Amino acid sequence: KPLALPGAHVVVTGGSSGIGKCIAIECYKQGAFITLVARNEDKLLQAKKEIEKHSINDKQVVLCISVDVSQDYSQVENVIKQAQEKLGPVDMLVNCAGMSLSGKFEDLEVSTFERLMSVNYLGSVYPSRAVITTMKERRVGRIVFISSQAGQLGLFGFTAYSSSKFAIRGLAEALQMEVKPYNVYVTVAYPPDTDTPGFAEENKTKPLETRLISETVSVCKPEQVAKQIVKDAIQGNFNSSIGSDGYMLSSLTCGMAPVTSITEGLQQVVTMGLFRTIALFYLGSFDSIVRRCMMQRAKSEIADKTA
Ligand SMILES: NC(=O)C1=CN([C@@H]2O[C@H](COP(=O)(O)OP(=O)(O)OC[C@H]3O[C@@H](n4cnc5c(N)ncnc54)[C@H](OP(=O)(O)O)[C@@H]3O)[C@@H](O)[C@H]2O)C=CC1
Ligand SMILES: CCCCCCCCCCCCCCCC(=O)[C@@H](N)CO
């Protein structure tokens, strides 16, 4: 049975910017009460003002909480408690706080691996851990994780980022099996490149290879991504993806993920061979991008030396 958003309490981590902010707006437009969680208080207040423009009744509230979701579990637990005291038990948690850093494996600091794992992975574990008991007791709840297309395949430059987004998938599959009997549903979203402040930041240091490979899929608008994620979360779909490449990737990488309908399962079975064939061509083209960039670099190095 779909979750009713009017009057529901939705917590969005990373709700002050980009995809998270658009998810908050989408839920608010459908009558939800919102708690935004992020670190920077100015950005939180700015987002709150923007979200409040979309109110549909005069009872709706947007609450802001400043905390780092990746640092200290007891802190996260405390702020979730505060939010529940003000707006009632959490009906839907959206774990959208996250970041991306790219670079060749040998160029990335080991601290980058630790940082991305703590923000993207542990930063999703802590808030989820803080709401799950109440959700199970109430037999109501949705937990949404934001992975990435780069959480469905490993890409040049994403040794640190992809692994942190793959980790989310494992967490979500295990958790879904535990909580389904309690009527709590887990959704994992796999967005493509999306036009957000975070994406602009990421592009400043992206290797050429990563950029060229990513350009296989076109950049999405955060509003469109948010709409799809909210729709899938309400429905209780385990998988949330966007576009025809998103659909193919999710089908191809379904593995042992739960299915939400018989149709979904049948589609996976029927399309598997075809999508694997298409994927082999993509992989070939990615390899040739990497090889071309390598030769280009070697050439310019020789040119530099002779100059
Ligand atoms: N944009 C894209 O191309 C894609 C993004 N994604 C994923 O979607 C999510 C959102 O991305 P996007 O909208 O681009 O990101 P933005 O950088 O635009 O927004 C990130 C949000 O997360 C918050 N945040 C970051 N770190 C922390 C932290 N440690 N504790 C609490 N809050 C934090 C930020 O606020 P503050 O800094 O104030 O804490 C901000 O509200 C990320 O998980 C990203 O990996 C997935 C696929 C594609
Ligand atoms: C049947 C097979 C179809 C194959 C399609 C292959 C598509 C590969 C492109 C991957 C793009 C990765 C986007 C990462 C976005 C992201 O998470 C960052 N922007 C984070 O900010």
Side-chain angles (χ1 to χ4, degrees), residues 12-24 36-47 64-72 75-76 79 94-102 115-116 118-124 126-127 144-158 161-162 164-165 168 188-203 206 210-222 225-226 229 240-253 271-283 285-286 289:
V12 186
T13 76
S16 65
S17 171
I19 298 174
K21 184 170 77 181
C22 289
I23 290 176
L36 301 177
V37 179
R39 290 163 306 175
N40 185 297
E41 302 196 11
D42 294 334
K43 276 202 294 177
L44 278 167
L45 281 177
Q46 210 49 48
C64 293
I65 294 181
S66 167
V67 73
D68 186 329
V69 291
S70 70
Q71 289 305 309
D72 176 13
Q75 244 179 21
V76 175
V79 300
V94 183
N95 292 293
C96 197
M99 60 186 294
S100 159
L101 292 165
S102 55
R115 177 107 190 89
L116 289 190
S118 63
V119 178
N120 294 346
Y121 172 66
L122 292 177
S124 301
Y126 297 166
V144 182
F145 296 102
I146 313 298
S147 179
S148 161
Q149 285 190 351
Q152 297 179 303
L153 80 167
L155 276 193
F156 189 109
F158 280 153
Y161 181 70
S162 275
S164 72
K165 291 299 188 179
I168 286 176
V188 193
Y190 302 97
D193 278 339
T194 305
D195 184 13
T196 66
F199 181 58
E201 194 57 37
E202 172 196 6
N203 278 335
K206 217 181 233 178
T210 313
R211 194 162 60 74
L212 292 174
I213 293 171
S214 302
E215 280 170 1
T216 307
V217 174
S218 51
V219 179
C220 269
K221 292 262 152 251
V225 172
I229 292 172
S240 179
S241 55
I242 265 202
S244 51
D245 29 75
Y247 173 78
M248 287 196 289
L249 266 177
S250 286
S251 237
L252 182 65
T253 62
T271 57
M272 189 60 75
L274 172 66
F275 290 171
R276 180 60 183 162
T277 311
I278 297 171
L280 291 175
F281 284 98
Y282 275 108
L283 286 171
S285 83
F286 297 164
I289 287 172

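These values consider heavy atoms only, across backbone and side chains, with no hydrogens, waters or symmetry-generated copies. Worth saying up front: this structure is predicted, and the values here are computed from it rather than measured. For ligands, and for the atoms within them, numbers begin at 1 and follow the listed sequence.
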In terms of residue, atom name and distance, what is the protein heavy atom nearest to atom 18 (O) of ligand 1?
Ser17 OG, 2.6 Å
Leu155 and Ile213: which non-hydrogen atoms are nearest, and at how many Å?
CD2-CG2, 3.4 Å
Considering only the protein, which heavy-atom contact is closest to atom 10 (C) of ligand 1, and what is its distance?
Cys96 O, 3.4 Å
Contact (N/O only, under 3.5 Å) between Ile19 and ligand 1:
yes
Quick check on side-chain contact (heavy atoms from CB on, under 4.5 Å): which of Asp195, Thr194, Thr196 does Lys221 satisfy it with?
Asp195
Candidate with minimal heavy-atom separation from atom 6 (N) of ligand 1, of Tyr161, Phe145, Tyr190:
Tyr161
If you measure from atom 48 (C) of ligand 1 to every heavy atom of Gly20, Ser148, Pro192, which option wins on shortest distance?
Pro192
Below 3.5 Å, N or O to N or O, backbone or side chain included: is there any such pair between Tyr161 and ligand 2?
yes
Just wondering, more than 12 heavy atoms not from Glu41 lying within 6.0 Å of its CD?
no
Please could you name the atoms of ligand 1 that Ile146 approaches to less than 4.0 Å, counting only its heavy atoms?
7 (C), 8 (O)
Here the atoms of ligand 1 under 4.0 Å from any heavy atom belonging to Gly18 are 13 (O), 18 (O)
Any non-hydrogen atom of Ser66 lying under 4.0 Å from ligand 1?
no
Nearest heavy atom to atom 43 (O) of ligand 1 wins, so pick from Glu41, Lys165, Met99.
Lys165
To the nearest 0.1 Å, how far is atom 3 (O) of ligand 1 from its closest protein heavy atom, and which atom is that?
Thr194 N, 2.8 Å
For atom 30 (N) of ligand 1, closest protein heavy-atom neighbour
Val69 N, 3.0 Å
Could you identify the single nearest non-hydrogen protein atom to atom 33 (C) of ligand 1 and state the distance to 0.1 Å?
Ala97 CB, 3.6 Å
Check this for me: Glu202, atom CD, are more than 12 non-hydrogen atoms of other residues, nucleotides or ligands nearer than 6.0 Å?
yes
Nearest heavy atom to atom 15 (C) of ligand 2: which of Asp193, Ile213, Asn120, Thr253 does it belong to?
Asp193
So, is Asp68 polar-close to ligand 1, with some N/O to N/O distance under 3.5 Å?
yes
Is any N or O atom of Lys206, backbone or side chain, closer than 3.5 Å to an N or O atom of ligand 2?
no
Nearest protein heavy-atom contact for atom 15 (O) of ligand 1: which residue, which atom, what distance?
Gly198 CA, 4.0 Å
CD1 of Ile23 to CG of Leu36, rounded to nearest 0.5 Å, is 11.5 Å
Which heavy atom of the protein is the closest neighbour of atom 37 (O) of ligand 1, given with residue, atom name and distance?
Arg39 NH2, 2.9 Å
Where is the nearest protein heavy atom to atom 22 (O) of ligand 1: which residue, which atom, and how far?
Gly14 CA, 3.2 Å
